[in-house]
Novice: 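The structure is given below, and queries will be raised subsequently.
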Amino acid sequence: MALLTVANVSFAFGDRLVLDGVNLSLDAGQHVGLVGRNGCGKSTLLKMIAAQSFSVDEAAAAKLPGVKPDDGQIQLARSATAGYLHQDHDLQPDRTLRDEAGHAFAALAKLHDELNELSHRMGEPAVYDNPDELDRCMKRYAALEEQIASSGGYAVDHKIDETLHGLGLDDAFFSVKCKDLSGGQRGRLALAKLLLTEPDILLLDEPTNHLDIAGRQWLENFLRDFRGAVLIISHDRWLLDRVVSKIYELEEGSLVEYPGNYEAFRELRRERIEEQRRAFEKQQTKIKSEKQFIEKFRAGQRAKQARGRETKLARYIRDHAIEPPMELDAMKLDFSPKKRSGDNVIVADGITKEYENKPLFRGLSVSLKRGEKLGVIGPNGAGKSTLVRCLLGEQTPTSGGAKLGAQVDVGHFKQTHEHLDLSKTVVEYLRSFVPSDTEQEARDLAGAFLFRGDEQDKQLGVLSGGERSRAVLAGLMCVGHNLLVLDEPTNHLDIPSAERLEEALRRYTTASKKYSTAAGSNAGAEGTLILITHDRMLLDHLVDQLIVFDGQGRAELFLGTYSEWLAAQTQENQETPATQEKKRASKPKAKPPTASAEAPADKNIRDRKSSPAAKLSQKRLEARIAEIEERLTEIDFSMNDPSVYTDGDKMKSLQDERAALRDQLEPLETEWLTRSG
């Protein structure tokens, strides 16, 4: 049974046609995703649907002006209710967070009030001594109890607390007034209030905004178990993959329907784009051939035939032209490092950071090698960004130390973009990154990141979040850093842009296969990545180790992907406390050092001070390490060259050189690590 039907809906903003004959249906219990590029009209369509909902009151409807279709119809099934999550949250500023959440059960509260009032009346002599009146009151009392039971009964307090906690709003915020909440807290409260109403249809516009991974997991489980229908706009690919059974993509004003979850959508969409591409290229070849004929014979004996074919071609292009697939118009990302870092990119030993005498993390040791991909996850405010600043040397830890390796060049994408001069235009901002510092090269770079025409001259301060992110990514790409630190890079990016970023970062951390021995070559100059994000699919597809914050002052390193960490967490949660204690007890304990004539530590210090590496300056030490590692990579690539590995003498010479270089490198690295500590 269709709860919602959208038929031939069209809508335009001025001369721009946003929706062009859109059709959509939503059945009872069906969960559907709505995706598309930023600004394509997804939110506009959802507002139109919300405006037809019986659950949108007058105050909420007043916030949805100008969203009636120019043509077509939107219909909800009789008596169906829809709840709409939008960006302008309708919260009462002077209510506390807990009271505002409880207002989702305002109708139930009225039933409770009436029941209490009726209970008192039944004890009054005027009613108690009147059998007919008492009978009427008892029947009404029974009816009220039935209504209360069907509306959640007396368990709503538990449901409210569970929902608020699940979305990351703990008891400490319950007494805070709505006007004093942060934007993220208000967003989570509005989502909690909507979910508590449990309408027939949930209309959700980016519900994972402001949610950390734990909040996203909770919402994912809620939606998966929700028996009503769901229409959700989201860039969270992980969520879409696990919650929806159909996806509509809004493209050039039209909806394209794809059955299945996100992974199915991605594969079907790839096939469709490929078919479009082949058809487009075939048509372009035909048009090009016709134009060549027309130009060749325009002034000759066959001029009349050429003019006739020109008229036919113009008519053909007008009536049958195939648009290029949207994928041809995408960000062109390539973060290739311009120089190669040393093997050790970051070394941190036992770092601790406290804030107001409370630990954010304690005794954390990290050793990040070139080409490795590290993810940092945990609740909002747990200290993830603080940790990264400590690792980069931008902030001093309370105890312990961290140091960057040789030749490390850091590119830092900051979530808040607080470092930007918002008065600069896109072109002015990018001029400082392009090699020639020319306006034209900056405009070319802006164009590669989908800034067209007048958009290139907009100030950064008036750009949307997604546009500003594109500008910052363009600057980072242009410099060619060998260590990228990205803090929520996919916030505000639509799905195609997030996918492009993911592909570019995968290439960035992969060694380039160049068989070059030229001086200064960046052969094998794979980049290193630190990724702070709540984007679970980006994490799962890119990183192979995690630093996990629990929000209680603990952070630990996990070697593996996000899926592997999730599986480990699931297994741990299923274990009994006795099993967990047994595992802890079975871990081998460190043996105390044995006494000797000379302590090993003292001997190591004496040996180190006498080594040639200890006499090098820090700058020369790092330069020598980089030189040797550069040559080792050149040798490795050369040994994979068929003209080399089929020549026994060349291979033997390279193998001997490689062994000698490894022997030289070991004491140099030991010296560098000792100084870093």
Side-chain angles (χ1 to χ4, degrees), residues 3 28 50 52-63 76-85 89-167 169-181 185-186 188-202 222 225-229:
L3 288 181
Q52 304 298 312
S53 168
F54 294 112
S55 68
V56 175
D57 58 27
E58 292 182 4
K63 296 179 180 179
L76 270 76
R78 187 182 298 275
S79 77
T81 59
Y84 171 49
L85 178 71
H89 310 304
D90 184 24
L91 305 174
Q92 293 298 315
D94 289 322
R95 280 196 194 125
T96 66
L97 181 149
R98 181 59 169 74
D99 288 344
E100 183 65 26
H103 202 65
F105 296 101
L108 180 60
K110 287 182 180 180
L111 293 177
H112 278 295
D113 290 342
E114 186 181 350
L115 188 71
N116 290 334
E117 184 182 340
L118 192 58
S119 178
H120 285 105
R121 279 191 63 205
M122 288 167 63
E124 295 174 358
V127 175
Y128 186 78
D129 295 335
N130 186 333
D132 292 337
E133 183 65 19
L134 182 61
D135 184 57
R136 280 194 295 271
C137 287
M138 290 180 68
K139 287 179 179 177
R140 177 58 183 159
Y141 192 94
L144 285 171
E145 283 194 318
E146 187 176 339
Q147 281 184 272
I148 289 171
S150 64
S151 301
Y154 297 89
V156 294
D157 284 340
H158 171 72
K159 187 180 291 187
I160 292 170
D161 292 350
E162 181 185 35
T163 303
L164 291 173
H165 291 160
L167 295 175
L169 296 167
D170 59 39
D171 296 7
F173 297 105
F174 281 13
S175 60
V176 178
K177 290 185 177 181
C178 293
K179 64 183 179 184
D180 297 323
L181 297 172
Q185 290 166 341
R186 285 196 295 270
R188 282 177 275 162
L189 173 57
L191 176 58
K193 187 178 172 184
L194 174 61
L195 298 181
L196 287 166
T197 63
E198 296 190 353
D200 299 311
I201 303 174
L202 281 173
F222 177 93
D225 296 336
F226 181 64
R227 295 182 180 180

Novice: Testing the basics here: between Gly102 and Ile160, what is the closest heavy-atom pair and its distance to 0.1 Å?
Specialist: CA-CD1, 3.6 Å

Novice: Roughly how far, to the nearest 0.5 Å, is the NE2 atom of His103 from the CG atom of Leu91?
Specialist: 11.0 Å

Novice: By side chain to side chain contact (heavy atoms under 4.5 Å, CB included), which residues pair with Gln92, not counting sequence neighbours?
Specialist: Arg95, Glu100

Novice: For Asp94, what residues pass the salt bridge (charged side-chain N to carboxylate O under 4.0 Å, His left out) criterion, not counting sequence neighbours?
Specialist: Lys179

Novice: To the closest 0.5 Å, what do you measure between OG1 (Thr96) and CZ (Phe173)?
Specialist: 13.5 Å

Novice: Got a sec, which residues hit side chain to side chain donor-acceptor pair (under 3.5 Å) with Thr163, two or more places apart in sequence or on another chain?
Specialist: none

Novice: Indicate the atoms forming the closest heavy-atom contact of Leu167 with Arg188, along with that distance.
Specialist: O-CD, 2.9 Å

Novice: Listed by chain and number, what are the side chain to side chain donor-acceptor pair (under 3.5 Å) partners of Asp171, not counting sequence neighbours?
Specialist: His165

Novice: So do Leu202 and Leu195 actually touch side chain to side chain, heavy atoms under 4.5 Å?
Specialist: yes

Novice: Report the residues that fulfil salt bridge (charged side-chain N to carboxylate O under 4.0 Å, His left out) with Asp135, sequence neighbours left out, ordered by chain and then residue number.
Specialist: Lys139

Novice: Look up atom CG in Asp161 and atom CG in Leu169, then write down how far apart they are to the nearest 0.5 Å.
Specialist: 11.5 Å

Novice: Between Leu164 and Leu97, is any pair of side-chain heavy atoms under 4.5 Å apart?
Specialist: yes

Novice: Could you tell me which residues satisfy side chain to side chain donor-acceptor pair (under 3.5 Å) with Glu162, sequence neighbours excluded, listed by chain and number?
Specialist: none

Novice: Using side chain to side chain donor-acceptor pair (under 3.5 Å) as the criterion, list what pairs up with Lys177, not counting sequence neighbours.
Specialist: none

Novice: Can you list everything that forms a salt bridge (charged side-chain N to carboxylate O under 4.0 Å, His left out) with Asp180? Sequence neighbours excluded, please.
Specialist: none

Novice: Among all residues two or more places apart in sequence or in another chain, which pass the side chain to side chain contact (heavy atoms under 4.5 Å, CB included) test with Thr197?
Specialist: Ala104, Leu194, Pro199

Novice: Give a yes or no on whether the backbone of Thr81 and the side-chain of Asp200 come within a donor-acceptor separation of less than 3.5 Å.
Specialist: yes

Novice: Tell me, please, which residues at least two apart from Asp132 pass side chain to side chain contact (heavy atoms under 4.5 Å, CB included).
Specialist: Asn130, Arg136

